[in-house]
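To keep things clear, I will list the structure first and then write my remarks on it.
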2 protein chains.
Amino acid sequence: MTRKHEGEAGGPRRRAEIFTATLDMLGSLGYDSLTIEGVAQHSGVNKTTIYRWWSSKSELLRDALLHSHMLRFELPDTGSLRGDLTELAERVQALLDDEHRRTIVEAALVGAVRHQAMRELVVSFLDDRFGRHQPVFERAMARGDLPHDADPALLVDAMAGALWMRVLVRRGDVADTYTRDLVDMLMDGVQKSATLSGRPAR
Amino acid sequence: MTRKHEGEAGGPRRRAEIFTATLDMLGSLGYDSLTIEGVAQHSGVNKTTIYRWWSSKSELLRDALLHSHMLRFELPDTGSLRGDLTELAERVQALLDDEHRRTIVEAALVGAVRHQAMRELVVSFLDDRFGRHQPVFERAMARGDLPHDADPALLVDAMAGALWMRVLVRRGDVADTYTRDLVDMLMDGVQKSATLSGRPAR
């Protein structure tokens with residue numbers, strides 16, 4: 001009865017609506033209360049159709065996180081690591097600044113703390129996004145912008161983690177220059193970034 | 001009836017047990033289900049005694065977060081910013097690696113996402129800790145290790161945020177050298193840290 005769905009092309013015709021309903025319900029109800037029945041009702045797609053493609057809520061949620069347009073952004077090639085990281089930080093900040101999408105991210109992170117299954121989904125999601133951003137680091141290494149033994153995962157942790165602390169925890173205390181200052185610090189180091197950037201002291 | 005309690009010296013005789021019970025219950029039940037009645041029962045201190053000092057659960061929780069020994073650590077003066085930051089990162093990692101204390105931190109952060117009152121408590125807690133760590137940055141600026149226009153809050157966000165991502169989200173994927181690599185990156189910048197540190201490529 002369960003049919004294998006393949007990558008982005010697989011899934012039923014109203015796939016995008018199902019994913020949107022899934023993430024909306026995750027955001028509004030949290031992981032515990034999310035059900036396939038609820039998604040069916042919210043998306044207007046028959047429950048049996050959803051079950052034909054996804055046999056459990058965690059399978060459905062995995063695909064929704066990975067493939068929904070709501071949590072996705074494209075990164076342009078700006079020609080420099082600093083430019084590319086600034087784009088990445090700004091895209092993440094824009095995502096977190098959008099109340100609807102922030103609610104989904106928060107529900108996923110809260111769920112990850114409480115449920116092993118949700119944590120695995122979040123880790124898959126982060127791995128997938130990290131994979132999509134690999135070209136940024138490959139280009140930088142090819143250009144000589146980044147040493148070959150640098151650890152891009154550490155950089156991404158520090159960048160995403162700082163935005164999480166500032167936007168989700170401290171909320172409302174985000175300077176306009178936050179992403180630029182963050183990227184400068186990660187690029188140049190805290191000892192040099194403030195003086196190197198040549199801007200006046202704050 | 002409510003008596004003002006002053007700083008760390010104030011509060012009833014069995015203050016430490018009350019704080020421990022409060023944080024234990026936050027960790028096991030979450031912010032929603034935490035009650036002064038529960039803390040009284042768990043600590044064996046009379047409910048009216050607790051109410052004499054703290055008129056609400058958020059007041060009690062604020063003092064427990066700020067003053068309990070469970071979430072506190074002292075930072076030695078190592079003589080360098082790199083050494084001091086490494087101590088700080090290792091103390092935070094040790095706190096998150098301890099399952100009991102991690103549960104408390106997780107409950108506070110989960111609560112902060114869901115409840116305005118809990119978020120304010122977490123922000124007060126972070127501000128308090130940031131204030132306690134100010135001597136690290138003051139010493140570094142006095143020594144010339146850190147430019148006077150550097151932003152220590154950004155540094156702390158990136159450090160705490162990276163540890164949060166690695167320990168609480170990715171859990172179990174923490175290399176022994178993670179804190180050292182993190183501090184090197186924040187000190188020297190990602191472009192230089194890997195080569196400057198002179199260790200072999202991973």
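Throughout, a chain's letter reflects where its sequence line sits, starting with A, and its residues are numbered from 1. Below, all heavy atoms of this structure are taken into account, side chains as well, without hydrogens, waters or symmetry copies.
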Is it the case that atom CD in A:Glu99 sees more than 12 heavy atoms from other parts of the structure closer than 6.0 Å? no
Under a 4.5 Å heavy-atom cut-off, does chain A meet the side chain of B:Leu109, its backbone, both or neither? side chain
Between B:Arg114 and chain A, with a heavy-atom cut-off of 4.5 Å, which part of the residue counts as in contact: side chain, backbone, both or neither? side chain
If you take all heavy atoms of A:Glu106 and B:Val113, which pair is closest and at what distance? CB-CG1, 3.4 Å
Minimum-distance pair of heavy atoms, taken over all atoms of B:Met165 and A:Ala160: CE-CB, 4.2 Å
Could you name the residues of residues 115-123 of chain A that have a heavy atom within less than 4.5 Å of a heavy atom in chain B? A:Arg119, A:Val122, A:Val123
Output for pair (B:Leu155 CG, A:Leu186 CG), nearest 0.5 Å, gives 10.0 Å
Do other residues, nucleotides or ligands put more than 12 heavy atoms under 6.0 Å from A:Glu138 CD? yes
Could you tell me which portion of A:Ala153 (side chain, backbone, both or neither) has an atom closer than 4.5 angstrom to a non-hydrogen atom of chain B? both
Side chain to side chain contact (heavy atoms under 4.5 Å, CB included) assessment of B:Asp151 paired with A:Met185: CA-CA 9 Å; B:Asp151 182 358; A:Met185 181 180 70; over 6 Å; no
Looking at B:Glu74, I want to see if its CD is surrounded by more than 12 non-hydrogen atoms of other residues, nucleotides or ligands under 6.0 Å. no
Decide whether B:Tyr178 and A:Asp157 meet the rule of one side-chain donor and one side-chain acceptor closer than 3.5 Å. yes
Kindly check if the number of other-residue, nucleotide or ligand heavy atoms within 6.0 Å of CD (A:Glu37) is above 12? yes
Write down the atom of A:Leu182, the atom of B:Leu154, and the distance for their closest heavy-atom approach. N-CD2, 3.8 Å
Measuring heavy-atom distances to chain A, does B:Ala140 have an atom under 4.5 Å in its side chain, in its backbone, in both, or in neither? neither
